[in-house]
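Single-structure report; data block below.
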Amino acid sequence: MGEIEVRRRRGSDMAACTDALATVHETDRYPAQWPADPRSWLTPRGLIDAWVAVDGPTVLGHVALTRTGEALAGDIGLPAEQLLSVARLFSHSGARRLGVAGALLDTAREAAAADGVRLALEVEDGGKAAIALYERHGWTYVGSRTDDWTTADGRPARMRAYLAPAGPTPQPDTERSQDRA
């Protein structure tokens, strides 16, 4: 594998993003229910920007930034205008432990910092690898709540809210940057 590049998502990336998402859904059940229109799912309401991690023509991962809803802002304890939300973060199941998810998170965090806002996110309690990734990257857990949807295994979704660290993106040491999400 060559060097991983993170760049803004292009319209021409959508088929490859959908293919990568399919590997994640098969491996991790993310998203919990396969969307009827995966391309639209990758472009959620309130989208601000989106990036892909690529190795040549191969899409290895994806992240989007969206406006933050009032419920998450309330969980975080900051006004929604001071936040952006991480959404649709995933790395191809064949590209795990290569730093893809961490590189995408760093890119999103740098973009938010350039806009003078903090990043927030929600993750379903069953996403143990994702939770470990966020915590390795210094995100702060601020609380949980039950959401109005059901997980793939039939239980009510329990969402964990996280806030990104303030300030510039730290450069994790090599051992810590080996993402498992």
Side-chain angles (χ1 to χ4, degrees), residues 1-69 72 84-112 119-137 139 147-155 157-162 164 177-181:
M1 187 166 285
E3 188 165 327
I4 297 169
E5 171 192 359
V6 176
R7 61 168 171 74
R8 280 202 163 79
R9 187 183 78 190
R10 303 173 185 149
S12 60
D13 294 322
M14 296 306 284
C17 287
T18 298
D19 291 345
L21 181 62
T23 72
V24 175
H25 179 71
E26 184 177 316
T27 303
D28 302 325
R29 302 301 296 167
Y30 176 79
Q33 302 295 322
W34 184 253
D37 182 357
R39 289 177 184 221
S40 291
W41 186 85
L42 288 166
T43 306
R45 180 182 303 216
L47 179 72
I48 303 296
D49 212 339
W51 296 267
V52 290
V54 296
D55 179 15
T58 305
V59 170
L60 303 175
H62 178 276
V63 68
L65 285 184
T66 63
R67 300 194 192 296
T68 301
L72 178 56
L84 289 177
S85 292
V86 170
R88 311 312 193 241
L89 173 64
F90 61 88
S91 59
H92 188 291
S93 63
R96 301 287 168 85
R97 299 180 184 224
L98 299 176
V100 171
L104 288 163
L105 269 180
D106 290 347
T107 297
R109 204 165 144 221
E110 289 163 9
L119 282 184
L121 62 80
E122 290 182 303
V123 60
E124 200 279 316
D125 200 41
K128 302 301 183 198
I131 290 167
L133 168 73
Y134 305 137
E135 291 179 357
R136 270 195 319 276
H137 282 262
W139 288 62
D147 210 339
D148 62 356
W149 57 279
T150 304
T151 64
D153 61 357
R155 58 188 171 74
R158 186 84 178 141
M159 304 303 292
R160 295 173 61 94
Y162 282 86
S177 68
Q178 298 302 310
D179 300 331
R180 299 181 200 316

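Model, not experiment: these values are computed from the prediction.
Of the possible donor and acceptor atoms, none in the side chain of His62 sits under 3.5 Å from a partner among the backbone N and O of Phe90. A donor-acceptor contact shorter than 3.5 Å is absent between the side chain of Arg88 and the backbone of Thr43. Although no hydrogens or angles enter the test, the distance criterion places no donor-acceptor pair under 3.5 Å between the side chain of Ser91 and the main chain of Gly61. Arg9 places no side-chain N or O within donor-acceptor distance of the main-chain N or O of Cys17, the cut-off being under 3.5 Å. Without hydrogens or angle criteria, Thr23 side chain to Ser93 main chain gives a donor-acceptor distance under 3.5 Å.
Tyr134 is listed as a side-chain neighbour of Leu89, based on a closest heavy-atom distance under 4.5 Å. Side-chain atoms of Asp55 and His92, non-hydrogen and from C-beta on, never get closer than 4.5 Å to each other. With contacts defined as side-chain heavy-atom distances shorter than 4.5 Å, the pair Pro31/Leu21 qualifies. At least one side-chain heavy atom of Arg96 sits less than 4.5 Å from a side-chain heavy atom of Val24.
For Ala64 against Leu47, the heavy-atom pair with the smallest separation is CB-CD1, 3.6 Å. In this structure, Ile4 and Leu60 approach most closely via the heavy-atom pair CG1-CD1, 3.9 Å. Of all heavy-atom pairs spanning Ala32 and Trp149, the tightest one is CB-CZ3, 3.7 Å. Shortest non-hydrogen contact noted between Val100 and Ala95 is CG2-O, 3.8 Å. Looking at every heavy atom in both residues, Ala108 comes nearest to Trp51 through CA-CZ3, 4.3 Å.
We find the OG1-CH2 distance between Thr18 and Trp41 to be 10.0 Å, quoted to the nearest 0.5 Å. Between the CG atom in Leu133 and the CG atom in Leu105 there is a gap of 5.5 Å [rounded to 0.5 Å]. Here Leu72 contributes atom CG and Leu121 contributes atom CG; the two are 7.5 Å apart, rounded to the nearest 0.5 Å. The CG atom of Asp147 sits 12.5 Å away from atom CG of Asp125, with the distance rounded to the nearest 0.5 Å. Atom-to-atom distance recorded for Gln33:CD and Thr150:OG1 is 8.0 Å, nearest 0.5 angstrom. A distance of 10.5 Å separates CG in Asp13 from CZ in Arg39, rounded to the nearest 0.5 Å.
Partner Glu124 forms a side-chain hydrogen bond (donor to acceptor under 3.5 Å, both in side chains) with one of Arg155, Arg29, Arg160 and no other, that one being Arg155.
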**Request:** Start with the C-alpha gap between Asp19 and Val59, add the side-chain angles, then the distance that decides, and say whether side chain to side chain contact (heavy atoms under 4.5 Å, CB included) holds.
**Result:** CA-CA 9 Å; Asp19 291 345; Val59 170; over 6 Å; no
**Request:** Check the pair Val86 / Leu104 against side chain to side chain contact (heavy atoms under 4.5 Å, CB included), numbers first and verdict last.
**Result:** CA-CA 10 Å; Val86 170; Leu104 288 163; over 6 Å; no
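No donor-acceptor contact under 3.5 angstrom links the side chains of Thr66 and Arg45, judged on distance only.
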